[in-house]
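I have placed the structure first, in the form of structure tokens, so that the comments after it can refer back to it.
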Amino acid sequence: MSPFTQRVLEIIQEIPEGQVMTYGQIAGLAGSPRGARQVVRILHSSSGKYGLPWHRVVNARGEIAIRQEESRMLQMLYLRDEGVEVADNGQLDLDRWRFIPHGE
DNA sequence: AAGGTGACTGATG
DNA sequence: GCATCAGCCACCT
């Protein structure tokens with residue numbers, strides 16, 4: 001497992017309940033500012049495997065990025081259950097719910 | 001081996 | 001806000 005992947009997994013694990021991070025944000029913190037797609041792949045391949053809070057990751061526009069309808073709904077349910085306000089179209093307010101480590 | 005793909009992003013018109 | 005374009009990069013055909 002690459003250091004980058006390692007970092008990504010750690011970072012995602014550290015997202016507090018009721019908050020979210022974006023793919024690009026995670027990639028940047030993990031040392032690869034343009035590696036958003038890698039973050040996607042890591043989530044896609046090993047979200048269940050490592051018991052990651054994959055549902056706390058959204059795209060840069062603050063919306064649920066999942067294409068598949070089922071998983072999409074599931075993510076929305078999880079977030080709402082944690083207190084995050086998500087619109088029916090999967091939109092949420094990043095300024096309000098984004099997690100920023102160490103007060104960056 | 002070459003080309004397509006996507007749970008992405010930022011810039012521009 | 002919407003549409004396009006161009007970077008991006010590991011994986012799958």
Side-chain angles (χ1 to χ4, degrees):
Chain A
M1 176 179 297
S2 73
F4 175 74
T5 301
Q6 191 70 47
R7 280 286 279 138
V8 169
L9 295 177
E10 288 172 8
I11 292 169
I12 294 178
Q13 285 286 13
E14 288 167 9
I15 306 176
E17 202 178 296
Q19 293 199 263
V20 301
M21 286 186 85
T22 70
Y23 298 94
Q25 189 184 0
I26 293 169
L29 288 174
S32 180
R34 313 265 113 53
R37 312 205 83 125
Q38 272 193 82
V39 175
V40 168
R41 206 165 306 106
I42 292 170
L43 247 45
H44 197 272
S45 64
S46 55
S47 57
K49 193 174 178 181
Y50 298 90
L52 292 174
W54 57 271
H55 56 280
R56 307 211 260 252
V57 185
V58 299
N59 69 23
R61 298 183 327 208
E63 48 192 24
I64 294 178
I66 285 181
R67 308 271 195 167
Q68 194 194 7
E69 200 59 19
E70 270 185 48
S71 309
R72 185 189 178 77
M73 286 302 130
L74 191 57
Q75 176 166 17
M76 194 179 301
L77 284 179
Y78 279 141
L79 289 177
R80 282 176 172 165
D81 191 56
E82 294 184 355
V84 179
E85 289 174 16
V86 189
D88 289 340
N89 60 8
Q91 180 77 58
L92 59 85
D93 184 357
L94 266 188
D95 290 335
R96 185 168 175 190
W97 306 108
R98 185 207 293 270
F99 171 54
I100 300 173
H102 300 95
E104 189 175 315

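Numbers restart at 1 for each chain; the letters A, B, ... are given by sequence-line order, proteins then strands.
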Other residues, nucleotides, ligands: >12 heavy atoms within 6.0 Å of R80(A) CZ: yes
Base dC9(C) to side chain R37(A), donor-acceptor N/O within 3.5 Å cut-off: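 Answer is no: no donor-acceptor pair is held.
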base_contact_polar (dC9(C) base, R34(A) side chain, donor-acceptor, <3.5 Å):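 Side chain to base: no pair present.
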What are the two closest non-hydrogen atoms of [X] and [Y], and how far apart are they?
X      : Y      : answer
F4(A)  : G35(A) : CZ-O, 4.1 Å
A30(A) : R7(A)  : CB-CB, 3.8 Å
T22(A) : V57(A) : C-CG1, 4.4 Å
R98(A) : Q19(A) : O-NE2, 3.3 Å

Contact residues, residues 72-84 of chain A to DNA chain C [heavy atom, < 4.0 Å]: none
DNA chain B contacts among residues 20-28 of chain A, heavy-atom distance under 4.0 Å: T22(A), Y23(A), G24(A)
Spacing of [X] atom [atom1] relative to [N] atom [atom2], expressed in whole Å:
X      : N       : atom1 : atom2 : result
E63(A) : dC2(C)  : CD    : C1'   : 13 Å
R61(A) : dA11(B) : CZ    : P     : 14 Å
L52(A) : dA7(B)  : CG    : C1'   : 14 Å
Q68(A) : dA7(B)  : CD    : C1'   : 10 Å
H44(A) : dA7(B)  : NE2   : P     : 6 Å
I66(A) : dC8(B)  : CD1   : C1'   : 14 Å
R98(A) : dT9(B)  : CZ    : C1'   : 12 Å

C1'-based separation of dT13(C) from dA1(B) [nearest Å]: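 Taking atom C1' in both dA1(B) and dT13(C), they lie 12 Å apart.
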Nearest-neighbour nucleotide for the R41(A) side chain, dT9(B), dA10(C), dA7(B) considered: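 When the side chain of R41(A) is considered, dA10(C) is the closest of dT9(B), dA10(C), dA7(B).
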side-chain N/O Q38(A) vs dA10(C) OP1/OP2, d < 4.0 Å: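 Yes, because at least one side-chain N or O of Q38(A) sits under 4.0 Å from OP1 or OP2 of dA10(C).
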Joint cluster assignment, Y78(A) & M73(A), ILVMFWY side-chain distance < 4.5 Å: yes
